[in-house]
Amino acid sequence: MVENLVIVESPAKASTIEKFLGKNYLVKSSFGHIRDLEKKNLGIDVKNDYTPQYIVPEDKKKLVAELKKLAKDAQTVWLASDEDREGEAISWHLFEVLGLKPEKTKRIVFNEITKEAILRAIENPRTIDNNLVNAQQARRVLDRLVGFEISPILWRKVKPALSAGRVQSVAVRLIVEREREIHAFKTSSAFKVTANFQLTDPKKATLYAELDNKINNRDNTLEFLKKCQNAEFRVADVVTKPSKKSPAPPFTTSTLQQEASRKLGFSVSQTMTLAQKLYEAGRITYMRTDSVNLSETAINMAKEVITKDYGEKYSNPRQYKTKSKGAQEAHEAIRPSYLDQIDIPGSTAEKRLYDLIRKRTIASQMSDAALEKTTATIDISTTSEKFMASGEVLKFEGFLKVYIESTDDENEENSERLLPPLNKGQVLALDFIKATERFTHHAPRYTEASLVKKLEELGIGRPSTYAPTISTIQQRGYVVKEDREGDERQYLGITLKNKQISEQTLKEITGAEKAKLFPSDIGTIVNDFLINHFNDILDFNFTANVEKEFDEIATGHLGWTKMIDKFYSPFHKKVEITTETSERSIGEKILGTDPASGKPIMVKIGRFGPMAQIGEATDEEKPRFAGLLKGQSIETITLEQALDLFKLPRLVGSFEDKEVTAGVGRFGPYLKHDAKFYSLRPKEDDALSINIDRAIEVITIKRIEQQNKVLKTFAEDSELQILNGRWGAYIVYKKENYKIPKGQTAETLTFQDCQEIIKNGPAKAKAKPKAKAPVKSAAKGKKK
DNA sequence: CAGTGAGCGAGCTTCCGCTTGACTT
């Protein structure tokens with residue numbers, strides 16, 4: 001029997017609050033929502049004023065029963081879920097499902113977990129805000145209608161098991177459109193001209209300067225350099241201006257994901273898993289937040305720590321205002337629970353993330369950095385163009401002592417340096433001038449984190465869904481995260497030194513990508529289909545517009561079913577029309593004709609992915625098929641590349657009296673010899689051009705590797721072996737694999753040891769639970 | 001696991017936002 005039952009959303013939060021509240025309070029967690037729309041069907045009675053059909057999911061039944069019992073016995077139930085739309089709905093669902101009585105139920109809210117805030121909340125209870133609840137119901141119902149009515153169209157018109165939704169489809173759209181923009185991009189080049197001057201005072205100092213604008217071609221560059229051959233260079237002006245830099249606000253979910261990606265190379269899901277661990281261990285505040293707010297306590301603690309560690313001059317307490325669209329600010333910013341804790345126990349990754357959070361929080365409460373920027377203008381006696389030299393002096397470090405925010409711009413040249421002392425009118429001795437051909441670059445491809453940033457800017461998705469959305473679009477095969485190798489590019493360098501002009505052709509690698517998001521063919525096809533038929537939902541402003549209406553519902557100015565009806569009536573009509581009239585969409589595209597047979601050659605999505613096809617099935621003969629290679633796409637493949645696909649598999653030659661053939665299969669390019677397969681590394685060899693000498697080399701190397709794979713064999717039984725695999729040593733016996741227990745190594749294991757291990761069963765359960773398993777395991781498999 | 005490939009059939013797949021584990025690989 002307990003006097004007061006408090007229900008919050010998160011168990012970690014529950015245990016913290018329980019400490020603040022004392023003996024008369026029992027604090028429990030609902031673990032998020034406790035019920036949801038029916039999963040099997042639409043779950044909405046459309047004909048009956050859109051009545052939602054809520055059910056308590058199987059895995060929540062036990063929890064609900066427990067809460068029900070506790071609530072029945074309690075004198076007062078305090079519903080303390082988050083102060084936002086979803087939180088209000090959670091409280092309402094609890095009220096309904098637990099059968100609470102209005103007179104013994106109180107709704108309280110706080111957006112920071114401090115003792116003062118919670119006691120204050122207890123003193124100021126209110127009732128459930130039904131308007132806010134209705135806004136959530138509208139949000140929920142709209143998302144279900146969109147997702148569950150459009151997805152089945154994709155199953156019929158494109159491919160089974162695909163999906164569409166208000167958030168994910170826009171995320172895919174961003175990536176598809178960026179890729180098209182990149183393919184349409186035409187690069188151009190111009191010459192960047194820099195000069196180095198040799199100073200005599202201070203001795204041997206060099207002054208580096210840049211021409212005020214780029215020169216658009218080689219001829220003009222040569223002409224300019226000729227003018228410089230006998231020119232005099234004179235300092236025309238020196239201007240010094242103070243400037244300042246301010247720290248970035250403390251982390252939200254989105255900015256944490258971005259910085260952890262840029263600075264630590266973490267994927268968004270990695271960041272969230274680590275942050276969850278830190279949160280559960282009480283190291284940081286809640287990690288799913290859109291707020292940059294810090295509690296009074298945190299600000300004071302920061303002031304104390306900064307003053308102690310760096311001195312009073314470095315402290316500048318400040319509160320930040322959120323800029324992001326649709327922020328609901330139910331929590332604090334992400335910050336350390338105790339700012340004076342520098343080292344925490346845990347894995348290296350956890351420590352690094354914690355350190356990042358701590359430094360960012362501290363820096364946000366520090367003084368601006370003060371700089372002095374100096375710009376010198378250098379006149380050229382023979383032309384009106386000018387060289388500019390600029391330098392920066394740090395007058396006061398301020399927050400830069402602790403933390404510098406990174407940017408997404410890969411091409412940013414950060415070359416702020418100190419300028420040597422210069423006088424107006426001073427004549428400079430030229431050492432050399434260098435003109436380098438530079439190219440314009442296309443917009444960057446999205447990383448996981450920069451996609452999150454973009455979605456947040458558009459107000460699409462929430463802190464709790466950024467990471468899941470990113471993994472959904474990859475799981476559906478719409479998008480792949482990949483590295484791509486760059487291409488070699490030549491560029492021109494022209495130098496003027498000792499009055500001599502010389503030209504060099506240089507090489508650089510361009511277009512290399514690391515962990516970037518690329519659209520797949522299926523992603524592109526689905527996107528085009530959706531843009532064609534559901535343009536309004538794919539609109540970047542769709543979410544922002546419906547959010548405005550949700551706000552009206554939340555303030556009581558609009559009925560939620562009325563809003564849904566206004567959306568659904570035309571939407572559903574579109575669904576019906578599209579189902580009936582739209583063509584099957586498999587990206588079919590005719591590339592040209594096959595010179596050998598004169599038949600048309602086309603590309604499209606087949607049962608096993610993108611493929612090329614020669615001839616139609618209606619012909620007497622069966623058409624010929626060939627799958628597209630990795631990195632190729634329906635959108636960009638050329639006729640020539642498609643024809644190459646049909647040259648495989650090809651005979652390379654013979655080795656040890658057996659044929660060697662080369663092909664490309666599901667797992668990439670390979671050689672086949674004597675019924676054995678040998679993978680080719682795409683960087684080194686390719687199936688179309690490999691010759692027999694190189695093929696024999698590949699086969700021989702693989703054979704040696706195979707031999708080294710066997711760590712131990714046993715005289716007692718030749719079928720028992722210890723092999724060296726991708727995950728270390730393991731035991732093989734009669735085609736079954738067995739794990740080596742911790743604490744033992746391949747060397748120490750005896751024949752008897754191995755027999756013992758084998759008796760205890762194989763490393764993994766052979767029997768898969770259900771036919772569903774492979775689909776789900778795909779998600780886990782991608783984690784390396 | 002390694003060049004498959006449309007058209008019988010039975011039934012399944014799917015949304016977004018709240019929250020944690022339980023699983024391997």
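All chains are named by letter (A, B, ...) in the order of the sequence lines, taking the proteins before the strands, and each is independently numbered beginning at 1. What you see is a predicted model, and the numbers here were worked out from it, not measured in a lab.
Every residue two or more places apart in sequence or in another chain that forms a side-chain hydrogen bond (donor to acceptor under 3.5 Å, both in side chains) with A/Asp685 is listed here: A/Arg694. In this structure A/Arg584 satisfies the salt bridge (Lys or Arg N to Asp or Glu O under 4.0 Å) test with no other residue, sequence neighbours excluded. Among residues two or more places apart in sequence or in another chain, the salt bridge (Lys or Arg N to Asp or Glu O under 4.0 Å) test is passed with A/Arg283 by none. Annotation: side-chain contact (heavy atoms from CB on, under 4.5 Å) contacts of A/Glu547 (sequence neighbours excluded): A/Arg85, A/Thr543, A/Phe550. By the salt bridge (Lys or Arg N to Asp or Glu O under 4.0 Å) test, A/Arg173 pairs with A/Glu177, sequence neighbours left out.
For A/Arg607, taking side-chain heavy atoms from C-beta onward, the closest of the listed nucleotides B/dA2, B/dC18, B/dG5 is B/dG5. Candidate nucleotides B/dC16, B/dT13, B/dG5 were compared by shortest atom distance to the side chain of A/Phe608, and B/dG5 ranks first. Side-chain atoms of A/Val167 lie closest to B/dG17 of the nucleotides B/dT14, B/dC18, B/dG17. Out of B/dG5, B/dT13, B/dA2, the shortest distance to the side chain of A/Met611 is found at B/dG5. If you check B/dG21, B/dC15, B/dC18 against the side chain of A/Glu280, the one that comes closest is B/dG21.
Distances shorter than 4.0 Å separate some side-chain N or O of A/Gln276 from OP1 or OP2 on B/dT20. The shortest distance between the side-chain N/O atoms of A/Arg139 and the OP1/OP2 oxygens of B/dC18 is not below 4.0 Å. Between A/Thr465 and the phosphate of B/dG17, there is a side-chain N or O to OP1/OP2 separation shorter than 4.0 Å. Between A/Ser29 and B/dT20 there is no side-chain polar atom (N or O) within less than 4.0 angstrom of OP1 or OP2.
If you check every strand for non-hydrogen atoms under 4.0 Å, A/Ala626 touches a base. Residue-level contact check: A/Ile44 touches neither bases nor backbone, having no heavy atom under 4.0 Å from any strand. Among the atoms of the strands shown, only primed sugar atoms or phosphate atoms (P, OP1, OP2) are found under 4.0 Å from some heavy atom of A/Gly461. Using a 4.0 Å heavy-atom cutoff across all strands shown, A/Leu162 reaches sugar-phosphate atoms only and no base atom. Residue contacts shown for A/Arg650 are absent, as no nucleic acid heavy atom lies under 4.0 Å away. Using a 4.0 Å heavy-atom cutoff across all strands shown, A/Lys672 reaches no nucleic acid atom at all. Within the nucleic acid shown, A/Pro11 comes within 4.0 Å of sugar-phosphate atoms alone, with no base atom in reach, counting heavy atoms only. Among the heavy atoms of the strands, none lies under 4.0 Å from A/Ser30. Within the 4.0 angstrom heavy-atom criterion, only backbone atoms of the sugar-phosphate kind lie near A/Thr472; the bases stay farther away. Nucleic acid contact for A/Ser163: sugar-phosphate only, since backbone atoms but no base atoms lie under 4.0 Å from a heavy atom of the residue. Note on A/Arg140: a base of the nucleic acid sits closer than 4.0 angstrom, heavy atoms only. Counting non-hydrogen atoms under 4.0 angstrom, A/Gly609 reaches a base of the nucleic acid. At a threshold of 4.0 angstrom between heavy atoms, the contacts of A/Gln168 are confined to the sugar-phosphate backbone, with no base atom among them. Base engagement by A/Gly32 is indicated by at least one non-hydrogen atom pair under 4.0 Å involving a base atom.
Ring orientation note: the planes of A/Phe655 and A/His673 are tilted relative to one another, at an angle of 30° to 60°. Between A/His93 and A/His33, the ring-plane angle classifies as perpendicular under the 30° and 60° cut-offs.
Residues A/Pro649 and A/Glu149 each lie close to DNA chain B; by heavy-atom proximity, the contact nearer the 5' end of the strand is made by A/Pro649. Along DNA chain B, the nucleotide nearest to A/Phe625 and the one nearest to A/Pro669 differ in position, and the one closer to the 5' end is contacted by A/Pro669.
Both thresholds, 5.5 Å between centres and 30° between ring planes, are met by A/Trp155 relative to the base of B/dT13, so the two rings are stacked. With centroids closer than 5.5 Å and planes inclined by less than 30 degrees as the test, A/Phe148 and the base of B/dT14 pass as a stacked pair. A stacked arrangement is assigned to A/Phe677 and the six-membered base ring of B/dA2, with a centre-to-centre distance below 5.5 Å and an interplanar angle below 30°.
Of the inter-residue distances, the one linking A/Glu38 atom CD with A/Tyr54 atom OH reads 12.5 Å to the nearest 0.5 angstrom.
As a whole-Å value, the separation of A/Leu145 CG from B/dC16 P is 13 Å. Counting to the nearest Å, the P atom of B/dC18 and the CG atom of A/Leu67 are 20 Å from each other. When rounded to the nearest whole Å, the span between CD of A/Gln136 and P of B/dG17 equals 11 Å. The OH atom of A/Tyr466 sits 10 Å away from the P atom of B/dC18 (whole-angstrom rounding). The interatomic distance linking A/Lys13 (NZ) with B/dC18 (P) rounds to 12 Å, in whole Å. Atom P of nucleotide B/dT20 and atom NZ of A/Lys62 are separated by 18 Å, given to the nearest angstrom. Taking atom CG of residue A/Asp59 and atom C1' of nucleotide B/dG21, one finds them 11 Å apart after rounding to whole Å. Distance OH (A/Tyr286) to P (B/dT19): 3 Å, rounded to an integer number of Å.
With respect to A/Lys658 and A/Asp674, a salt bridge is recorded, a charged nitrogen being found less than 4.0 Å from a carboxylate O. No salt bridge links A/Glu457 with A/Lys325; every basic N to acidic carboxylate O contact stays at or beyond 4.0 Å. Under 4.0 Å is where a charged nitrogen must lie from a carboxylate oxygen, and between A/Lys548 and A/Asp551 no such pair does.
Scanning atom types as modelled, no donor and acceptor separated by under 3.5 angstrom connect the side chain of A/Arg288 and the base of B/dC18. Contact of A/Arg144 with B/dC16 (side chain to base): no donor-acceptor pair of N or O atoms is detected under 3.5 Å.
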Checklist line | Structure string for DNA chain B in dot-bracket form, Watson-Crick and G-U at under 3.5 Å, | interchain | finding: .........................
